[in-house]
Amino acid sequence: MAFSTNICYACSTNQTLTRIASMSETKKVCIVGSGNWGSAIAKIVGNNVQKHDYLDNRVTMHVHEEVLDGKKLTEIINETHENVKYLPGHKLPANVLAVPDIVDAAKDADVLIFVVPHQFIRGLCKSMLGKIKSTAVGLSLIKGFDRAEGGGIELISHIIQSELNIPVSVLMGANLAPEVANEMFCETTIGCKDKTIGNLFRDIIQTDYFRVVVVDDVDTVEVCGALKNIVACGAGFVDGLGLGDNTKAAVIRLGLMEMIKFAEVFYPGSKLSTFFESCGVADLITTCYGGRNRKVSEAFVRTKKTIKELEDEMLNGQKLQGPFTAEEVNYMLKSKGMEDRFPLFTAIHKICVGELPPEQMVDCIRQHPEHMIC
Ligand SMILES: NC(=O)C1=CN([C@@H]2O[C@H](COP(=O)(O)OP(=O)(O)OC[C@H]3O[C@@H](n4cnc5c(N)ncnc54)[C@H](O)[C@@H]3O)[C@@H](O)[C@H]2O)C=CC1
Ligand SMILES: O=C(CO)COP(=O)(O)O
């Protein structure tokens, strides 16, 4: 894999020129999703749109409706400006409007920010098809893969792009939502091939505590965001087994090497430098120490309950992406006879589904291909 640096460039297709031309009007932003990360990002976006005259002051946020103590979550959010279920203790700006109907939320938007657990994205796209602006641009914050219709797996941004026929960029980084909501300094990576659209996203997302780097290696940014959640499960198993910091570091390093190998094999042209952006090593580290996938995987070893039981018990409606992603990646590796080239990803999947005891994870990586390279 080449260690070339990332660049941003403006694309000059007619379609892009139309989009850029239409950017002279006031742009409306819609956030599709309102979970832990969706709400943290709504706080940033709600504040940022007020700083730019070309952005509409009102931000719609699609909320998958639920009832809490007899009251609708959308009503609670619109009255109290707090997502009491998914980001309690943080006020959202009053210009963020919670909307239960996806079409009502998205139909007038020029910028659609997708931030739902990846298992729900196809259903949402189906509801939005033909009901959004044809000139809209998308930004996906969703970490994961889904099964491709003809076999294999697909990046979430590619699914959104092909279902809705709009260009979709990605944002991934070392961004644990509660810390971002607390305005603790961090970085993020936007993968976007078009400089003008990249600058638009920077205006919407960047703050003095949430620093944005825009790169053009879009697929690699997203591959990093998806795969690090698998490694985080491995880090959680190490913690549950009490194996110590050296073993955890080995799992993180071998995980990184499998992430790089995966990008090399399945996304040729990926740049090694992208792994050194926030979406790469930094996100891998933060998730392996502070994330939900790590936490639930540690409990999985200690309690012997299933991942699903623990997700329900420990996360209050928030969703894990790691075990699903491990399953989807394994589905593809198995079908291509490539499981032995990715022994850590394979072991983590087998542990998650109960095919391998967690105690055997280390045995699966003792003879890792990385240890055979001269
Ligand atoms: N939470 C975090 O720290 C970060 C999360 N991410 C990624 O962002 C994406 C979204 O994560 P979160 O906002 O944390 O979500 P979450 O894990 O808090 O999930 C809960 C959300 O899913 C919604 N939901 C439940 N059932 C649904 C359905 N049938 N249809 C549509 N929505 C439904 C809930 O209403 C709620 O908004 C994920 O891909 C995650 O990996 C990325 C960076 C940080
Ligand atoms: O992606 C994340 C941080 O960047 C959040 O990871 P978890 O889903 O494991 O909490």
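Whatever order the structure lists ligands and atoms in, that order sets their numbers, starting from 1.
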Problem - Distance-only polar pair, side chains of Asn229 and Thr325, donor-acceptor under 3.5 Å - result: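 Short answer, no.
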
Problem - Residue shell around ligand 1, heavy atom under 4.0 angstrom - result: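 Residues near ligand 1: Ser34, Gly35, Asn36, Trp37, Gly38, His64, Glu66, Tyr86, Val115, Val116, Pro117, Phe120, Leu141, Ile142, Lys143, Asn175, Leu176, Ala177, Arg292, Gly317, Gln318, Lys319, Gln321.
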
Exercise for the section: Describe, in one word, how the ring planes of Phe345 and Phe342 are oriented to each other, choosing from parallel (under 30°), tilted (30 to 60°) and perpendicular (over 60°). Expected result: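 If you compare the ring of Phe345 with that of Phe342, the planes turn out parallel.
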
Practice task
For Arg58, look at atom CZ and say whether over 12 heavy atoms of other residues, nucleotides or ligands are found less than 6.0 Å away.
Solution key: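 At most 12 heavy atoms, drawn from other residues, nucleotides or ligands, come within 6.0 Å of this atom.
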
Show the distances, to 0.1 Å, for all pairs joining an N/O atom of ligand 2 and a protein N/O atom that are shorter than 3.5 Å, listing one pair per line.
unit_1: ligand 2; atom_1: 1 (O); unit_2: Lys143; atom_2: NZ; d: 2.8
unit_1: ligand 2; atom_1: 1 (O); unit_2: Lys228; atom_2: NZ; d: 2.6
unit_1: ligand 2; atom_1: 4 (O); unit_2: Lys143; atom_2: NZ; d: 3.0
unit_1: ligand 2; atom_1: 4 (O); unit_2: Gly173; atom_2: O; d: 2.9
unit_1: ligand 2; atom_1: 4 (O); unit_2: Asn175; atom_2: N; d: 3.1
unit_1: ligand 2; atom_1: 4 (O); unit_2: Asp283; atom_2: OD1; d: 2.7
unit_1: ligand 2; atom_1: 6 (O); unit_2: Lys228; atom_2: NZ; d: 3.4
unit_1: ligand 2; atom_1: 8 (O); unit_2: Arg292; atom_2: NE; d: 3.2
unit_1: ligand 2; atom_1: 8 (O); unit_2: Arg292; atom_2: NH2; d: 3.0
unit_1: ligand 2; atom_1: 8 (O); unit_2: Asn293; atom_2: ND2; d: 3.3
unit_1: ligand 2; atom_1: 9 (O); unit_2: Arg292; atom_2: N; d: 3.1
unit_1: ligand 2; atom_1: 9 (O); unit_2: Asn293; atom_2: N; d: 3.0
unit_1: ligand 2; atom_1: 9 (O); unit_2: Asn293; atom_2: ND2; d: 2.8
unit_1: ligand 2; atom_1: 10 (O); unit_2: Arg292; atom_2: N; d: 2.7
unit_1: ligand 2; atom_1: 10 (O); unit_2: Arg292; atom_2: NE; d: 3.1

Problem - Among Glu328, Lys143, Lys319, the one residue meeting side chain to side chain donor-acceptor pair (under 3.5 Å) with His118 - result: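 Answer to the side chain to side chain donor-acceptor pair (under 3.5 Å) test with His118 among Glu328, Lys143, Lys319: Glu328.
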
Exercise for the section: For Phe300 and Ile351, run side chain to side chain contact (heavy atoms under 4.5 Å, CB included): C-alpha distance rounded to whole Å, both residues' side-chain angles, the deciding distance at 0.1 Å, then the answer. Expected result: CA-CA 10 Å; Phe300 174 79; Ile351 293 168; 3.6 Å; yes

Handout entry: Sidechain-backbone polar pair: Gln321 side chain, Gly144 backbone, donor-acceptor under 3.5 Å
Key =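 The answer is no, because no donor-acceptor pair under 3.5 Å joins these two groups.
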
Problem - Test item: Phe114 and Val116 side chains (from C-beta on) under 4.5 Å apart, heavy atoms - result: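 No, side chains not in contact.
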
Handout entry: Step-by-step side chain to side chain contact (heavy atoms under 4.5 Å, CB included) determination, Leu129 to Glu163
Key = CA-CA 7 Å; Leu129 183 61; Glu163 295 273 333; 5.7 Å; no

Problem - Cys279 and its side chain to side chain contact (heavy atoms under 4.5 Å, CB included) partner, picked from Met172, Glu187, Glu222 - result: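 So the option named by the test is Met172.
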
